[in-house]
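Reviewing the structure listed below.
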Amino acid sequence: DGGITQSPKYLFRKEGQNVTLSCEQNLNHDAMYWYRQDPGQGLRLIYYSQIVNDFQKGDIAEGYSVSREKKESFPLTVTSAQKNPTAFYLCASSIDYNEQFFGPGTRLTVL
Amino acid sequence: QKEVEQDPGPLSVPEGAIVSLNCTYSNSAFQYFMWYRQYSRKGPELLMYTYSSGNKEDGRFTAQVDKSSKYISLFIRDSQPSDSATYLCAMRENDYKLSFGAGTTVTVRA
């Protein structure tokens, strides 16, 4: 059953803590993306990767980091430098420029 | 000014009504236009994908693109309570980066 999985579904972070969100896909897609969704603001691109071992910053990359060591995996780390990390985080993948398929999301809350 | 403008609603309609959603944009280089549906606390799913101006129909859904006016629309005919969701428009140039509208929340009342 092909698709994108994200874990955990809910995540709580204390002040000053780094946390890592997992994203895995078995669609054999080359491109993967991370978005942040806040109420009333739509989706904003954090990072994207077109191929393994390569990634580019999106519009709001400050305070986030990623890696792309395997085609199937694109984890996102929310660092302590991100001052307002509470949001819904969505991972997506696509073949080239085409349709982006989204995962179910991770809701991150700062305590 | 945002690159993509979308009225956040909320929009409430009775079952069976036509739902009309729209977005305007400022970047004339946008070539590909999409509508996503997002249920509460879920990831978005693609509804319609269009290139160039004109209409595209898929079942109860019709997408319209007017590049000269920088305006796109989505119409839902014979709306059902299961259509209650947030609808996001998205668009891109000939590259990877999608630009999203803020989303319109729709409620279809039984």
Side-chain angles (χ1 to χ4, degrees), chain A residues 3-11 21 23-25 27 29-51 54-61 68 74 87-109, chain B residues 1-11 21-27 29-52 56 58 61 63 72 74 85-106:
Chain A
I4 302 176
T5 57
Q6 291 186 241
S7 62
K9 188 173 181 179
Y10 298 98
L11 186 58
L21 284 60
C23 177
E24 303 278 333
Q25 54 98 1
L27 300 168
H29 287 172
D30 289 311
M32 296 187 74
Y33 313 78
W34 274 105
Y35 292 91
R36 170 180 171 143
Q37 187 174 29
D38 296 280
Q41 293 198 46
L43 276 66
R44 293 182 289 167
L45 184 64
I46 304 172
Y47 270 98
Y48 68 101
S49 168
Q50 299 173 35
I51 56 172
D54 187 52
F55 47 83
Q56 288 78 40
K57 293 181 179 180
D59 298 321
I60 55 165
R68 186 86 187 276
F74 191 40
F88 190 46
Y89 290 87
L90 288 158
C91 178
S93 70
S94 71
I95 297 175
D96 294 329
Y97 300 161
N98 292 318
E99 175 186 351
Q100 291 186 19
F101 292 86
F102 284 85
T106 293
R107 187 164 299 277
L108 173 62
T109 303
Chain B
Q1 183 190 7
K2 290 183 180 178
E3 201 170 38
V4 180
E5 298 278 0
Q6 183 177 7
D7 187 339
L11 191 60
L21 304 166
N22 57 74
C23 291
T24 59
Y25 61 95
S26 56
N27 184 352
F30 285 143
Q31 300 181 39
Y32 300 88
F33 304 90
M34 286 135 273
W35 286 95
Y36 283 85
R37 177 175 63 196
Q38 185 177 24
Y39 291 114
S40 182
R41 301 178 186 274
K42 305 289 185 184
E45 55 179 329
L46 185 70
L47 279 177
M48 303 288 281
Y49 188 110
T50 57
Y51 170 72
S52 78
K56 182 176 182 180
D58 184 1
F61 299 91
I72 69 170
L74 178 71
T86 296
Y87 291 82
L88 301 158
C89 64
M91 47 201 78
R92 64 174 177 85
E93 302 177 29
N94 192 28
D95 61 14
Y96 286 92
K97 184 177 179 296
L98 278 180
S99 295
F100 284 86
T104 301
T105 299
V106 175

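Within every chain, numbering begins at 1; the chains are lettered A, B, ... in the order of the sequence lines, protein sequences first and strands thereafter.
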Legend entry - Interface residue of largest heavy-atom contact number with chain A, from B/Pro44, B/Ala102, B/Cys89, under 4.5 Å: B/Pro44
Legend entry - Which atoms of A/Leu43 approach chain B - backbone, side chain, both or neither, heavy atom under 4.5 Å: both
Write out all chain B-chain A donor-acceptor pairs shorter than 3.5 Å, or none if the list is empty.
unit_1  : atom_1 : unit_2   : atom_2 : d
B/Tyr36 : OH     : A/Gln100 : O      : 3.2
B/Gln38 : OE1    : A/Gln37  : NE2    : 2.9
B/Gln38 : NE2    : A/Gln37  : OE1    : 2.9
B/Arg92 : NE     : A/Tyr97  : O      : 3.0
B/Arg92 : NH2    : A/Tyr97  : O      : 2.9
B/Tyr96 : O      : A/Gln100 : NE2    : 3.3
B/Lys97 : NZ     : A/Asp59  : OD2    : 3.2

